[in-house]
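What follows is a set of notes on a single structure, which appears directly below.
Proteins come first, then strands; the chains are lettered A, B, ... in the order of their sequence lines, and each starts at number 1.
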Protein chains: 2
Amino acid sequence: MHKTLQHIRVLLGAQGHFWTQARAAVLTVLTTHPRPLRAEEIHRALQNRHINLSSVYRALRLFETLNIVRRVTLGKGAPRYELADGYRDHHHHLVCDTCGRIEDVTTCPVEAGRLPQQIQRRTGFAVRSHVLDLFGLCRSCRRRGVSTTESG
Amino acid sequence: MHKTLQHIRVLLGAQGHFWTQARAAVLTVLTTHPRPLRAEEIHRALQNRHINLSSVYRALRLFETLNIVRRVTLGKGAPRYELADGYRDHHHHLVCDTCGRIEDVTTCPVEAGRLPQQIQRRTGFAVRSHVLDLFGLCRSCRRRGVSTTESG
DNA sequence: TGGCAAATTGCAAATAATTTGCAAATCTAT
DNA sequence: ATAGATTTGCAAATTATTTGCAATTTGCCA
Ligand SMILES: [Mn+2]
Ligand SMILES: [Mn+2]
Ligand SMILES: [Zn+2]
Ligand SMILES: [Zn+2]
(Lines give C-alpha, C1' and ligand atoms only; values in the text may rest on other atoms or scores of the structure.)
(Ligands and ions follow the chains in the order given, each with its own letter.)
Protein backbone atom coordinates (compact mmCIF):
# COMPACT_ATOMS: atom_id res chain seq x y z
CA MET A 1 0.00 0.00 0.00
CA HIS A 2 1.08 3.57 -0.78
CA LYS A 3 2.85 5.34 2.08
CA THR A 4 0.26 8.12 2.19
CA LEU A 5 -2.60 5.65 2.37
CA GLN A 6 -0.91 3.77 5.17
CA HIS A 7 -0.50 7.02 7.02
CA ILE A 8 -4.13 7.97 6.57
CA ARG A 9 -5.23 4.50 7.59
CA VAL A 10 -3.49 4.91 10.91
CA LEU A 11 -4.95 8.37 11.35
CA LEU A 12 -8.47 7.08 10.78
CA GLY A 13 -7.95 4.27 13.24
CA ALA A 14 -6.66 6.65 15.87
CA GLN A 15 -9.85 8.67 15.49
CA GLY A 16 -12.11 5.67 15.81
CA HIS A 17 -13.00 5.38 12.14
CA PHE A 18 -12.88 2.15 10.16
CA TRP A 19 -10.63 1.47 7.23
CA THR A 20 -13.21 0.32 4.72
CA GLN A 21 -13.31 -0.78 1.11
CA ALA A 22 -15.12 2.36 0.09
CA ARG A 23 -12.76 4.74 1.88
CA ALA A 24 -9.65 2.99 0.65
CA ALA A 25 -10.99 3.00 -2.89
CA VAL A 26 -11.83 6.69 -2.86
CA LEU A 27 -8.41 7.56 -1.48
CA THR A 28 -6.72 5.40 -4.07
CA VAL A 29 -8.46 7.27 -6.84
CA LEU A 30 -7.46 10.58 -5.32
CA THR A 31 -3.82 9.64 -4.88
CA THR A 32 -3.72 8.14 -8.35
CA HIS A 33 -5.28 10.99 -10.31
CA PRO A 34 -3.33 14.23 -10.02
CA ARG A 35 -6.21 16.63 -10.50
CA PRO A 36 -9.30 17.70 -8.56
CA LEU A 37 -12.16 15.30 -9.25
CA ARG A 38 -15.93 15.56 -8.87
CA ALA A 39 -17.75 13.07 -6.67
CA GLU A 40 -19.27 11.69 -9.83
CA GLU A 41 -15.89 11.27 -11.50
CA ILE A 42 -14.47 9.48 -8.50
CA HIS A 43 -17.47 7.21 -8.49
CA ARG A 44 -17.06 6.48 -12.18
CA ALA A 45 -13.41 5.59 -11.62
CA LEU A 46 -14.69 2.95 -9.18
CA GLN A 47 -16.81 1.28 -11.88
CA ASN A 48 -16.13 -2.37 -11.12
CA ARG A 49 -15.68 -1.97 -7.36
CA HIS A 50 -19.46 -1.90 -6.74
CA ILE A 51 -19.37 1.08 -4.38
CA ASN A 52 -22.37 3.34 -4.09
CA LEU A 53 -22.22 7.02 -4.94
CA SER A 54 -23.60 7.76 -1.47
CA SER A 55 -20.56 6.11 0.02
CA VAL A 56 -18.31 8.27 -2.10
CA TYR A 57 -20.05 11.34 -0.74
CA ARG A 58 -19.84 10.02 2.79
CA ALA A 59 -16.16 9.24 2.45
CA LEU A 60 -15.41 12.65 1.01
CA ARG A 61 -17.32 14.35 3.79
CA LEU A 62 -15.35 12.46 6.43
CA PHE A 63 -12.02 13.14 4.75
CA GLU A 64 -12.85 16.79 4.47
CA THR A 65 -13.60 16.99 8.16
CA LEU A 66 -10.32 15.30 8.97
CA ASN A 67 -8.43 17.61 6.62
CA ILE A 68 -7.34 14.74 4.43
CA VAL A 69 -9.16 16.06 1.41
CA ARG A 70 -10.15 19.55 0.42
CA ARG A 71 -13.04 20.73 -1.66
CA VAL A 72 -12.15 22.91 -4.61
CA THR A 73 -14.78 24.94 -6.43
CA LEU A 74 -13.57 26.06 -9.82
CA GLY A 75 -15.69 27.50 -12.58
CA LYS A 76 -18.98 25.80 -13.40
CA GLY A 77 -20.49 22.62 -12.11
CA ALA A 78 -20.15 20.52 -9.00
CA PRO A 79 -17.22 20.99 -6.64
CA ARG A 80 -14.10 18.91 -6.96
CA TYR A 81 -11.97 17.15 -4.38
CA GLU A 82 -8.24 16.59 -4.04
CA LEU A 83 -5.81 15.52 -1.35
CA ALA A 84 -5.21 18.28 1.15
CA ASP A 85 -1.95 19.98 2.01
CA GLY A 86 0.10 17.55 4.04
CA TYR A 87 -0.82 14.64 1.79
CA ARG A 88 0.57 16.31 -1.29
CA ASP A 89 2.47 19.51 -2.17
CA HIS A 90 0.92 22.86 -1.37
CA HIS A 91 -0.24 24.34 -4.66
CA HIS A 92 -2.70 26.58 -6.45
CA HIS A 93 -4.66 26.43 -9.69
CA LEU A 94 -4.64 28.06 -13.09
CA VAL A 95 -8.08 27.69 -14.60
CA CYS A 96 -8.72 28.47 -18.24
CA ASP A 97 -11.90 30.50 -18.72
CA THR A 98 -12.25 29.12 -22.20
CA CYS A 99 -11.53 25.41 -22.14
CA GLY A 100 -11.81 24.84 -18.42
CA ARG A 101 -8.44 23.16 -18.20
CA ILE A 102 -6.82 23.16 -14.78
CA GLU A 103 -3.06 23.44 -14.22
CA ASP A 104 -1.18 23.50 -10.94
CA VAL A 105 1.26 26.14 -9.74
CA THR A 106 3.41 25.62 -6.70
CA THR A 107 4.60 29.17 -6.24
CA CYS A 108 2.72 30.63 -3.33
CA PRO A 109 2.60 34.41 -2.92
CA VAL A 110 0.77 34.03 0.36
CA GLU A 111 3.56 32.20 2.14
CA ALA A 112 6.23 34.12 0.26
CA GLY A 113 4.77 37.42 1.37
CA ARG A 114 4.18 36.23 4.92
CA LEU A 115 0.58 37.36 4.58
CA PRO A 116 -0.69 35.15 7.42
CA GLN A 117 1.64 36.76 9.95
CA GLN A 118 0.83 40.20 8.63
CA ILE A 119 -2.89 39.59 8.93
CA GLN A 120 -2.63 38.06 12.36
CA ARG A 121 -0.70 41.09 13.58
CA ARG A 122 -3.02 43.62 12.04
CA THR A 123 -6.43 42.05 12.54
CA GLY A 124 -6.07 39.33 15.13
CA PHE A 125 -7.35 36.74 12.67
CA ALA A 126 -5.24 33.56 12.84
CA VAL A 127 -4.86 32.24 9.31
CA ARG A 128 -4.54 28.47 9.10
CA SER A 129 -4.98 27.78 5.42
CA HIS A 130 -5.85 29.46 2.17
CA VAL A 131 -7.18 28.88 -1.29
CA LEU A 132 -5.86 30.72 -4.31
CA ASP A 133 -7.04 30.12 -7.83
CA LEU A 134 -6.04 32.11 -10.88
CA PHE A 135 -8.28 32.46 -13.93
CA GLY A 136 -7.44 33.46 -17.46
CA LEU A 137 -6.44 31.94 -20.78
CA CYS A 138 -4.23 28.90 -21.04
CA ARG A 139 -1.49 28.88 -23.61
CA SER A 140 -3.30 26.95 -26.30
CA CYS A 141 -6.49 28.98 -26.01
CA ARG A 142 -4.50 32.18 -26.12
CA ARG A 143 -2.67 31.12 -29.26
CA ARG A 144 -5.90 30.22 -30.92
CA GLY A 145 -6.98 33.78 -30.21
CA VAL A 146 -10.05 32.61 -28.35
CA SER A 147 -11.94 35.27 -26.44
CA THR A 148 -14.46 34.81 -23.68
CA THR A 149 -17.18 36.55 -21.75
CA GLU A 150 -16.71 34.26 -18.80
CA SER A 151 -16.43 35.55 -15.30
CA GLY A 152 -13.29 34.92 -13.33
CA MET B 1 -29.46 56.48 -8.72
CA HIS B 2 -26.05 55.34 -7.45
CA LYS B 3 -23.15 56.09 -9.78
CA THR B 4 -22.22 52.42 -10.08
CA LEU B 5 -25.77 51.45 -10.96
CA GLN B 6 -25.96 54.14 -13.60
CA HIS B 7 -22.74 52.82 -15.06
CA ILE B 8 -24.00 49.26 -15.13
CA ARG B 9 -27.30 50.38 -16.63
CA VAL B 10 -25.47 51.88 -19.58
CA LEU B 11 -23.33 48.77 -19.92
CA LEU B 12 -26.39 46.53 -20.05
CA GLY B 13 -28.03 48.75 -22.64
CA ALA B 14 -24.93 48.70 -24.80
CA GLN B 15 -25.04 44.92 -24.77
CA GLY B 16 -28.69 44.74 -25.73
CA HIS B 17 -30.00 43.85 -22.29
CA PHE B 18 -32.92 45.60 -20.62
CA TRP B 19 -32.79 47.57 -17.45
CA THR B 20 -35.53 45.88 -15.48
CA GLN B 21 -37.07 46.05 -12.04
CA ALA B 22 -35.61 42.72 -11.04
CA ARG B 23 -32.09 43.51 -12.22
CA ALA B 24 -32.06 46.95 -10.65
CA ALA B 25 -33.36 45.52 -7.39
CA VAL B 26 -30.74 42.79 -7.23
CA LEU B 27 -27.98 45.25 -7.94
CA THR B 28 -29.27 47.62 -5.32
CA VAL B 29 -29.13 44.90 -2.72
CA LEU B 30 -25.59 44.02 -3.74
CA THR B 31 -24.35 47.60 -3.66
CA THR B 32 -26.11 48.19 -0.37
CA HIS B 33 -24.91 45.16 1.56
CA PRO B 34 -21.12 45.00 1.89
CA ARG B 35 -20.78 41.24 2.11
CA PRO B 36 -21.24 38.27 -0.22
CA LEU B 37 -24.89 37.18 -0.24
CA ARG B 38 -26.63 33.95 -1.20
CA ALA B 39 -29.30 34.01 -3.90
CA GLU B 40 -31.80 33.23 -1.16
CA GLU B 41 -30.59 36.13 0.99
CA ILE B 42 -30.81 38.56 -1.87
CA HIS B 43 -34.30 37.34 -2.59
CA ARG B 44 -35.30 37.76 1.03
CA ALA B 45 -34.00 41.32 1.02
CA LEU B 46 -36.45 41.92 -1.82
CA GLN B 47 -39.39 40.84 0.31
CA ASN B 48 -41.93 43.50 -0.63
CA ARG B 49 -40.76 43.99 -4.21
CA HIS B 50 -42.63 40.89 -5.46
CA ILE B 51 -39.72 39.53 -7.48
CA ASN B 52 -39.40 35.83 -8.07
CA LEU B 53 -36.42 33.81 -6.87
CA SER B 54 -35.97 32.58 -10.44
CA SER B 55 -35.45 36.13 -11.55
CA VAL B 56 -32.81 36.62 -8.90
CA TYR B 57 -30.97 33.59 -10.24
CA ARG B 58 -31.40 34.81 -13.80
CA ALA B 59 -30.10 38.27 -12.94
CA LEU B 60 -27.11 36.86 -11.09
CA ARG B 61 -26.29 34.59 -13.99
CA LEU B 62 -26.35 37.48 -16.42
CA PHE B 63 -24.26 39.71 -14.16
CA GLU B 64 -21.74 36.97 -13.69
CA THR B 65 -21.37 36.57 -17.44
CA LEU B 66 -20.87 40.29 -17.83
CA ASN B 67 -18.34 40.36 -14.99
CA ILE B 68 -20.48 42.66 -12.93
CA VAL B 69 -20.87 40.16 -10.13
CA ARG B 70 -18.67 37.32 -9.01
CA ARG B 71 -19.61 34.10 -7.33
CA VAL B 72 -17.82 33.35 -4.09
CA THR B 73 -17.86 29.90 -2.56
CA LEU B 74 -16.85 29.97 1.08
CA GLY B 75 -17.29 27.17 3.56
CA LYS B 76 -20.58 25.32 3.65
CA GLY B 77 -23.82 25.94 1.86
CA ALA B 78 -24.84 27.69 -1.30
CA PRO B 79 -22.47 30.06 -3.11
CA ARG B 80 -22.57 33.76 -2.47
CA TYR B 81 -22.44 36.73 -4.81
CA GLU B 82 -20.85 40.14 -4.57
CA LEU B 83 -19.97 43.01 -6.93
CA ALA B 84 -16.95 42.17 -9.03
CA ASP B 85 -13.65 43.99 -9.18
CA GLY B 86 -14.23 47.21 -11.07
CA TYR B 87 -17.50 47.88 -9.26
CA ARG B 88 -15.85 47.82 -5.86
CA ASP B 89 -12.35 47.53 -4.40
CA HIS B 90 -10.27 44.47 -5.14
CA HIS B 91 -10.23 42.40 -1.98
CA HIS B 92 -9.99 38.96 -0.41
CA HIS B 93 -11.70 37.14 2.44
CA LEU B 94 -10.90 35.95 5.92
CA VAL B 95 -13.32 33.17 6.80
CA CYS B 96 -13.62 31.90 10.35
CA ASP B 97 -13.73 28.10 10.48
CA THR B 98 -15.64 28.26 13.73
CA CYS B 99 -18.29 30.94 13.46
CA GLY B 100 -18.31 31.35 9.69
CA ARG B 101 -17.85 35.10 9.89
CA ILE B 102 -16.41 36.73 6.78
CA GLU B 103 -14.05 39.71 6.87
CA ASP B 104 -12.45 41.55 3.97
CA VAL B 105 -8.75 42.18 3.43
CA THR B 106 -7.53 44.52 0.75
CA THR B 107 -3.87 43.58 0.81
CA CYS B 108 -3.20 41.44 -2.23
CA PRO B 109 -0.08 39.27 -2.31
CA VAL B 110 -0.84 38.27 -5.88
CA GLU B 111 -0.55 41.74 -7.32
CA ALA B 112 2.17 42.70 -4.88
CA GLY B 113 4.30 39.75 -5.91
CA ARG B 114 3.58 40.27 -9.62
CA LEU B 115 2.52 36.63 -9.77
CA PRO B 116 0.47 37.07 -12.97
CA GLN B 117 3.47 38.31 -14.91
CA GLN B 118 5.67 35.60 -13.47
CA ILE B 119 3.19 32.90 -14.43
CA GLN B 120 2.63 34.27 -17.89
CA ARG B 121 6.36 34.29 -18.51
CA ARG B 122 6.94 30.82 -17.17
CA THR B 123 3.90 28.92 -18.33
CA GLY B 124 2.27 30.96 -21.07
CA PHE B 125 -0.96 31.14 -19.08
CA ALA B 126 -2.42 34.67 -19.18
CA VAL B 127 -3.88 35.41 -15.76
CA ARG B 128 -6.86 37.75 -15.85
CA SER B 129 -8.25 37.46 -12.36
CA HIS B 130 -7.89 35.53 -9.15
CA VAL B 131 -9.66 34.44 -6.02
CA LEU B 132 -7.92 34.23 -2.67
CA ASP B 133 -9.65 33.28 0.54
CA LEU B 134 -7.97 32.72 3.89
CA PHE B 135 -9.39 30.42 6.53
CA GLY B 136 -8.69 30.23 10.24
CA LEU B 137 -9.93 31.62 13.53
CA CYS B 138 -11.29 35.11 13.85
CA ARG B 139 -10.25 37.19 16.83
CA SER B 140 -13.25 36.51 18.99
CA CYS B 141 -13.26 32.77 18.37
CA ARG B 142 -9.56 32.62 19.08
CA ARG B 143 -9.97 34.44 22.38
CA ARG B 144 -12.71 32.13 23.40
CA GLY B 145 -10.23 29.32 22.85
CA VAL B 146 -12.52 27.59 20.41
CA SER B 147 -11.00 24.73 18.47
CA THR B 148 -12.29 23.13 15.32
CA THR B 149 -11.92 20.10 13.11
CA GLU B 150 -13.18 22.01 10.11
CA SER B 151 -11.40 21.88 6.82
CA GLY B 152 -9.99 25.08 5.39
C1' DT C 1 -9.84 -18.27 14.47
C1' DG C 2 -14.40 -17.17 15.55
C1' DG C 3 -17.96 -14.02 17.57
C1' DC C 4 -19.90 -9.73 19.07
C1' DA C 5 -20.85 -4.84 19.11
C1' DA C 6 -20.21 -0.77 16.72
C1' DA C 7 -19.54 1.47 12.43
C1' DT C 8 -20.49 1.57 7.62
C1' DT C 9 -22.81 0.57 3.29
C1' DG C 10 -26.37 0.08 -0.42
C1' DC C 11 -30.63 1.44 -1.91
C1' DA C 12 -34.47 4.14 -2.31
C1' DA C 13 -36.64 8.05 -1.02
C1' DA C 14 -36.05 12.89 0.67
C1' DT C 15 -33.89 17.49 0.39
C1' DA C 16 -31.62 21.43 -1.34
C1' DA C 17 -30.24 24.36 -5.05
C1' DT C 18 -30.80 25.85 -9.51
C1' DT C 19 -32.81 25.73 -14.16
C1' DT C 20 -36.40 25.76 -17.64
C1' DG C 21 -40.89 26.14 -20.63
C1' DC C 22 -44.28 29.15 -21.71
C1' DA C 23 -47.94 32.63 -21.53
C1' DA C 24 -48.32 37.17 -19.65
C1' DA C 25 -46.03 41.46 -18.51
C1' DT C 26 -42.36 44.80 -19.26
C1' DC C 27 -39.13 47.42 -21.76
C1' DT C 28 -36.81 50.00 -25.73
C1' DA C 29 -37.06 52.29 -29.64
C1' DT C 30 -40.01 54.38 -32.86
C1' DA D 1 -48.94 55.22 -27.89
C1' DT D 2 -47.49 51.07 -30.61
C1' DA D 3 -44.79 47.11 -32.13
C1' DG D 4 -41.47 43.86 -31.44
C1' DA D 5 -38.08 41.86 -28.63
C1' DT D 6 -36.85 40.69 -24.00
C1' DT D 7 -37.88 39.38 -19.43
C1' DT D 8 -40.72 37.67 -15.69
C1' DG D 9 -43.65 34.66 -12.66
C1' DC D 10 -45.03 30.24 -11.76
C1' DA D 11 -44.94 25.53 -11.74
C1' DA D 12 -42.61 21.66 -13.06
C1' DA D 13 -38.08 19.57 -14.13
C1' DT D 14 -33.16 18.87 -13.19
C1' DT D 15 -29.02 18.31 -10.73
C1' DA D 16 -26.38 17.59 -6.64
C1' DT D 17 -26.23 15.86 -2.18
C1' DT D 18 -28.16 13.86 2.08
C1' DT D 19 -30.64 10.57 4.91
C1' DG D 20 -33.28 6.40 7.12
C1' DC D 21 -32.83 1.79 7.81
C1' DA D 22 -31.88 -3.13 7.25
C1' DA D 23 -28.01 -5.81 5.78
C1' DT D 24 -23.03 -6.12 5.74
C1' DT D 25 -18.39 -5.10 7.12
C1' DT D 26 -14.83 -4.00 10.32
C1' DG D 27 -12.09 -3.79 14.74
C1' DC D 28 -11.21 -6.08 18.85
C1' DC D 29 -10.57 -9.75 21.89
C1' DA D 30 -11.38 -14.22 23.90
MN1 LIG E 1 -4.98 20.85 -7.26
MN1 LIG F 1 -16.07 40.17 -0.50
ZN1 LIG G 1 -0.46 29.03 -1.14
ZN1 LIG H 1 -5.87 39.88 -5.06
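Remark: B:His50 is not in phosphate contact with D:dG9, judged by side-chain N or O atoms under 4.0 Å from OP1 or OP2. Contact annotation: B:Arg61 does not reach the phosphate of C:dA17 (side-chain N/O to OP1 or OP2, under 4.0 Å). A close approach under 4.0 Å does not occur between any side-chain nitrogen or oxygen of A:Ser55 and OP1 or OP2 of C:dT8.
The distance between atom CH2 of A:Trp19 and atom P of C:dA7, rounded to the nearest whole Å, is 19 Å. Across the protein-nucleic acid pair, B:Leu53 atom CG and C:dA17 atom P stand 10 Å apart, rounded to whole Å. Atom-to-atom, CZ of A:Arg80 to P of D:dT17 comes out at 12 Å; the value is rounded to the nearest Å. In this structure, A:Ile51 places its CD1 atom 6 Å from P of C:dG10, rounding to the nearest Å. Note: CG (A:Asn52) to P (D:dT25) measures 14 Å, nearest angstrom.
Using a 4.0 Å cut-off between a side-chain N of Lys or Arg and a carboxylate O of Asp or Glu, B:Arg35 and B:Glu82 do not qualify as a salt bridge. Note on A:Lys76 versus B:Glu64: salt bridge recorded, some NZ/NE/NH1/NH2 to OD/OE distance being below 4.0 Å. Ion pairing of B:Asp104 with B:Arg88 is present here, as a side-chain N (NZ or NE/NH1/NH2) and a carboxylate O approach within less than 4.0 Å.
Using a 4.0 Å heavy-atom cutoff across all strands shown, B:Arg58 reaches at least one base atom of the nucleic acid. Across all strands shown, B:Gln21 has heavy atoms under 4.0 Å from sugar-phosphate atoms exclusively, and none from any base.
Evaluation of atom-type donor-acceptor distances gives a pair under 3.5 Å for the side chain of A:Ser54 against the base of D:dT19.
Comparing atom distances between the A:Tyr57 side chain and each of C:dT28, D:dT18, D:dT8 picks out D:dT18 as nearest.
For the side-chain contact (heavy atoms from CB on, under 4.5 Å) test with B:His130, the passing option among A:Leu134, A:Asp133, A:Leu94 is A:Leu134; the others fail.
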